[in-house]
Asker: 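Quick one: this structure, given as structure tokens, is what I'll be asking you about.
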2 protein chains.
Amino acid sequence: MSDDHWVPPTVLLAVDLVILTLRESRLQVLLIERGIEPYQGALALPGGFLGHEKEDLVTAAHRELAEEAGLGPDQLHLEQLGLYGAPDRDPRGRVVSAAYLAIAPRLPEPVAGTDASQACWTPVTQALSGNAQLAFDHEQILTDGIDRAREKLERSALATAFCGPTFTIAELQDVYEAVWGVRLDPRNFYRKVQSVDGFIVSAGPSRKAEGGRPARLFRPGPRTTLHPPMTRPQGQADKETA
Amino acid sequence: MSDDHWVPPTVLLAVDLVILTLRESRLQVLLIERGIEPYQGALALPGGFLGHEKEDLVTAAHRELAEEAGLGPDQLHLEQLGLYGAPDRDPRGRVVSAAYLAIAPRLPEPVAGTDASQACWTPVTQALSGNAQLAFDHEQILTDGIDRAREKLERSALATAFCGPTFTIAELQDVYEAVWGVRLDPRNFYRKVQSVDGFIVSAGPSRKAEGGRPARLFRPGPRTTLHPPMTRPQGQADKETA
DNA sequence: CGGCCTTCCTGTCAGAGTGACAGTAAGTCT
DNA sequence: AGACTTACTGTCACTCTGACAGGAAGGCCG
């Protein structure tokens with residue numbers, strides 16, 4: 001804002017992904033083992049630089065999603081998480097990273113990634129336990145992503161993104177219990193979920209028996225925001241997105 | 001990820017600010033009249049490019065806040081809003097903008113901006129009415145910022161950021177009414193606000209009479225997240241941060 | 001000084017929502 | 001046929017909320 005010939009600095013723009021899913025009733029995140037420096041051999045969130053000068057951010061996120069996780073844009077929730085741009089976060093230079101949060105339904109065991117052979121699902125408790133050191137500031141990004149997911153489960157229909165096209169109420173409850181890390185009363189959950197107008201709609205009195213009485217199937221409803229919200233028990237945690 | 005000599009594209013990184021405050025019981029945003037192309041003469045959110053290669057994002061936001069609005073880092077809420085990086089949003093080239101949301105308490109009338117003489121507070125209803133065309137995608141950014149503020153008022157103590165160091169419950173209610181655009185019952189608001197543990201704490205049985213019975217003064221409490229949350233009446237809006 | 005206005009604060013009460021149970025329905029397994 | 005498993009329905013007390021009435025504490029007027 002002073003010189004006429006002043007030129008603003010340029011930066012490298014990367015896209016990093018927090019891809020969450022539910023496996024074995026546990027919240028898991030997709031991590032890859034880095035093949036190149038820096039942080040070679042360490043675990044990291046999938047991601048990469050912008051493909052070309054004109055590539056859209058969401059497009060880049062979807063491209064990485066396909067390259068590194070083999071996930072198509074269908075049946076998948078994707079939202080921007082935030083921008084991580086500390087000057088010293090990447091030793092190679094000034095790299096700012098747009099983090100995206102993706103929620104994937106249960107999918108076949110192998111990741112089937114074309115690009116990253118070392119991609120693997122990891123329980124988030126393990127990824128954040130401190131034992132597995134993550135590259136860059138990815139631990140912070142992952143924490144923020146999980147926090148976001150936890151919050152959005154309260155007020156939005158995000159939970160259905162963890163499920164397939166149809167699901168039972170018990171499966172939906174599994175999502176809430178795994179992401180929030182709490183136990184919920186099935187009866188009250190049943191009542192609550194059905195009382196929220198437009199959250200889930202019946203998908204035929206079908207069956208999917210497995211040891212007990214067959215459960216009814218549901219599909220995601222038209223509502224994306226929940227009124228009243230789902231309430232998380234004793235969530236007294238005092239955190240901020242400052 | 002294919003060529004050894006491939007070099008990722010660089011982008012220009014800008015910081016834009018949504019600065020909200022309460023004036024005359026209305027939610028207002030700081031806009032400036034652009035002095036240079038593109039969009040010369042149009043209204044825009046304050047902002048600018050990164051100062052130098054090593055500047056931190058939050059630092060840049062604070063710098064713009066001081067330059068364009070004369071606001072110091074004290075007594076001011078600042079949080080990241082999102083990244084806006086559509087390839088064609090700036091005709092000059094690939095510019096991605098990190099948007100920040102700032103909440104300022106009531107302050108003396110003149111903006112006292114050193115840099116932008118054309119800065120002026122504008123009611124958000126007017127800024128978004130469509131009459132005042134905003135530059136770039138700033139209308140979208142502003143909308144997202146207001147949405148964020150509305151949501152955070154429910155679950156966080158953000159409302160106190162609109163007030164001075166001490167305030168009355170009626171003033172706090174003004175904040176909620178202006179940001180949410182609704183009328184609230186003073187009696188119920190009084191009860192609710194005091195029942196949320198740690199939201200506000202008494203600041204002496206002081207007075208500030210103005211026509212009626214003097215009101216008690218309060219200060220922001222230690223809590224940043226509210227349990228239970230403040231409930232917004234009939235907020236049936238179906239919006240998503242997709 | 002005593003009304004009368006203003007605004008602030010305290011109660012009350014019915015209805016909705018929630019947490020903690022018991023109990024019934026509908027399948028599979030042995 | 002029973003036992004077992006899971007799915008679904010009901011009930012009941014408690015809390016929270018929204019919609020009021022009414023008293024407290026100042027200024028302003030005559």
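Just so it is clear: chains get the letters A, B, ... in the order the sequence lines come, proteins before strands, and each one is counted from 1.
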Asker: Could you state the CD-P distance from B:Gln194 to D:dC16, rounded to the nearest angstrom?
Answerer: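 Distance, rounded to whole Å: 15 Å.
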Asker: Return the CZ to CD1 distance between A:Arg223 and A:Ile200, rounded to the nearest 0.5 Å.
Answerer: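 Nearest 0.5 Å value for the CZ-CD1 distance: 14.0 Å.
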Asker: Rounded to whole Å, how long is the line connecting atom CG of B:Leu184 with atom P of D:dT17?
Answerer: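 In whole Å, D:dT17 P lies 13 Å from B:Leu184 CG.
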Asker: I need the CG-P distance between A:Asp185 and D:dT6, as an integer number of Å.
Answerer: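 A:Asp185 atom CG is separated from D:dT6 atom P by 15 Å.
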Asker: Expressed as a whole number of angstroms, how long is the span from A:Tyr190:OH to C:dT24:P?
Answerer: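 From A:Tyr190 OH to C:dT24 P: 18 Å.
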Asker: Just the rounded figure in Å: distance from C1' of C:dC8 to CG of B:Leu172.
Answerer: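 Nearest whole value for this atom pair: 15 Å.
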Asker: Heavy-atom count check: over 12 atoms from other residues, nucleotides or ligands less than 6.0 Å from B:Asp185 CG?
Answerer: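 Yes.
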Asker: To the nearest Å, give me how far apart CZ (A:Arg232) and C1' (C:dT18) are.
Answerer: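 Rounded to the whole Å, the gap is 17 Å.
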Asker: For B:Pro228 and for B:Gly211, find the nucleotide of DNA chain D with the closest heavy atom, then tell me which residue's nucleotide is more 5'.
Answerer: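 Nearest nucleotide further toward 5': that of B:Pro228.
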Asker: To the nearest Å, how far apart are B:Asn188 CG and C:dG15 P?
Answerer: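 The answer, rounded to whole Å, is 17 Å.
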Asker: If only atom types and distance count, is the side chain of B:Arg106 paired as donor or acceptor with the main-chain N or O of B:Arg23 below 3.5 Å?
Answerer: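 Checking the backbone N and O of B:Arg23 against the side chain of B:Arg106, no donor-acceptor pair under 3.5 Å is found.
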Asker: Between B:Lys192 and D:dC16, is there a side-chain N or O to OP1/OP2 distance below 4.0 Å?
Answerer: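 Looking at the OP1 and OP2 atoms of D:dC16, neither is under 4.0 Å from any side-chain N or O of B:Lys192.
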Asker: Rounded to whole Å, how long is the line connecting atom CZ of A:Arg213 with atom C1' of C:dA26?
Answerer: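 Checked: the CZ to C1' distance equals 5 Å.
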Asker: Which residue lies toward the 5' end of DNA chain C, A:Pro214 or B:Ile169, if each is placed at its nearest nucleotide?
Answerer: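 The residue closer to the strand's 5' end, by nearest nucleotide, is B:Ile169.
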Asker: Heavy-atom count check: over 12 atoms from other residues, nucleotides or ligands less than 6.0 Å from A:Asp197 CG?
Answerer: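 No, because the 6.0 Å sphere around CG of A:Asp197 holds 12 heavy atoms or fewer from other groups.
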Asker: Let me know, please, whether B:Arg187 or A:Arg191 comes out on the 5' side of the other along DNA chain C by nearest nucleotide.
Answerer: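 By nearest-heavy-atom nucleotide position, the 5'-most residue is B:Arg187.
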